[in-house]
Amino acid sequence: MSLETATIGLANPVHDSQAVFRVLLDAMSRPGSIHPLPLEPAGAPFAATAAAVLLTLADHETTVWLAPDLPGRDEVASFLRFATGTRITADPCAATFALVADLHAMPPLEAFAQGTPEYPDRSTTLVMTVDHVAASASEGGMRLSGPGIADRAEFRFDPMPARLAAELLENRARFPLGVDLVLCAPGAIAALPRSVRYVGA
C-alpha cells in the first residue's frame, strides 16, 4: 500500500499532537524526568515514540536530518514528507530536527546547528531512539542539576556512548547556544536541554 492511499500518522492529529507537545514541554522543563508516551502512529517505519515526537514538531517550515545509517531511511523520509510536509536535509548543520537511531555512529553534537547569539533557538533538536531511560545514575548514568531540577536528578539512558558525556559538557558550555536532546525509549521520553548541568556520574 502506498503512502498516498494508506492511513498514516497520529490517529487524532489535533488531540494527539497537543498531548505529545504537552509531554515534550514537561520533559524539557524537568530535565532527566521520565514521561510516558504510549502513542503508536499508524504506518510509522521507525520507533513509535520518535515518530510521535516528529509528527508533532515537524512541519513544512522545518528541516529534518536523518542519520545515513538509519534503518529504512528512504521509507522514513517518505513518511515524514507525506505526514508533515517537512523537508529532508543532508546537512546536519542545517537541520531543525535530527533523527538518530545509532548513537555510537552519530556525528558529534557540535556538527549540528548551534543557533546564533541573536537567535539561539535556531539550533537542532536531536530526536534519539534509545533502548531504555531511567531515573538512575548507576552503570554509566549521570547526575544533573540546573533549571527545572530542585536539587539533583539521577538519569541514565542506554545505549550511551562513552564520548557523549564529554560532548554534553561542551554543549552546556556553549549555552545559550547548543543543541537539545529528546531521548525516545519504547513508550516513554526524557529530555536533556542545553541548559542542564552535569555534576558527575
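The structure displayed is predicted, hence computed values, not measured ones.
- A donor-acceptor distance shorter than 3.5 angstrom exists from the side chain of R194 to the backbone of P176, with no hydrogens or angles considered.
- Using a 4.0 Å cut-off between a side-chain N of Lys or Arg and a carboxylate O of Asp or Glu, R30 and D26 qualify as a salt bridge.
- Taken together through direct or relayed side-chain contacts under 4.5 Å among Ile, Leu, Val, Met, Phe, Trp and Tyr, F82 and L57 form part of one hydrophobic cluster.
- Using a 4.5 Å heavy-atom threshold, the side chains of R87 and H60 count as separate.
- A continuous path of Ile, Leu, Val, Met, Phe, Trp and Tyr side chains, each step under 4.5 Å between heavy atoms, connects I88 with L55, placing both in one hydrophobic cluster.
- For the atom pair M160 CE and R156 CZ, the distance stands at 10.5 Å (nearest 0.5 Å).
- Within the 4.5 Å cutoff, the side chain of M28 has heavy atoms near those of the D180 side chain.
- At least one side-chain heavy atom of L10 sits under 4.5 Å from a side-chain heavy atom of L39.
- A heavy-atom distance below 4.5 Å is found between the side chains of V23 and I189.
- Around the CZ atom of F21, the shell of radius 6.0 Å holds no more than 12 heavy atoms that belong to other residues, nucleotides or ligands.
- Between the CH2 atom in W65 and the OG1 atom in T89 there is a gap of 10.0 Å [rounded to 0.5 Å].
- With rounding to the nearest 0.5 Å, the separation of CE in M142 from OG in S136 is 11.0 Å.
- Remark: side-chain polar atoms of E154 are not paired, donor with acceptor, to backbone N or O of R152 under 3.5 angstrom.
- Pairing each heavy atom of L144 with each of G32, the nearest pair is CD1-CA, 3.8 Å.
- Of the possible polar contacts, one joining the T63 side chain to the T96 backbone as a donor-acceptor pair under 3.5 Å is found.
- At least one donor-acceptor pair under 3.5 Å links the side chain of R73 to the backbone N or O of L66.
- Under the 3.5 Å distance criterion, the side-chain polar atoms of E167 are matched with a main-chain donor or acceptor of L109.
- At a threshold of 4.5 Å between side-chain heavy atoms, the hydrophobic network of Ile, Leu, Val, Met, Phe, Trp and Tyr places L169 and F155 in one connected group.
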Show every donor-acceptor pair shorter than 3.5 Å between a side-chain atom in residues 40-52 and any protein atom, with sequence neighbours excluded, or say none if there are none.
unit_1 : atom_1 : unit_2 : atom_2 : d
T49    : OG1    : A185   : O      : 2.9
T49    : OG1    : G187   : N      : 3.2

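- Side chain of S123 to main chain of G178: a donor-acceptor pair is present (N/O by atom type, distance under 3.5 Å, no hydrogens or angles).
- The side-chain heavy atoms of L192 and F157, taken from C-beta on, include a pair separated by under 4.5 Å.
- Contact annotation: the side chain of V53 approaches that of C184 to within less than 4.5 Å [non-hydrogen atoms, C-beta and beyond].
- Judged purely by atom type and a 3.5 angstrom limit, T124 has no side-chain atom pairing as donor or acceptor with the backbone of L126.
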Practice task
With side chain to side chain contact (heavy atoms under 4.5 Å, CB included) as the test, would you mind laying out the steps for L103 and M128 before giving the verdict?
Solution key: CA-CA 7 Å; L103 276 62; M128 308 164 79; 3.7 Å; yes
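- T62 places no side-chain N or O within donor-acceptor distance of the main-chain N or O of A58, the cut-off being under 3.5 Å.
- In the hydrophobic clustering of ILVMFWY residues, with side-chain heavy atoms under 4.5 Å counting as a link, V196 and I34 come out together.
- A donor-acceptor distance shorter than 3.5 angstrom exists from the side chain of N171 to the backbone of V179, with no hydrogens or angles considered.
- With hydrogens and angles ignored, the 3.5 Å screen pairs no side-chain donor or acceptor of R122 with any backbone N or O of T116.
- With hydrophobic clusters built from ILVMFWY side chains whose heavy atoms lie under 4.5 angstrom apart, F175 does not share a cluster with L164.
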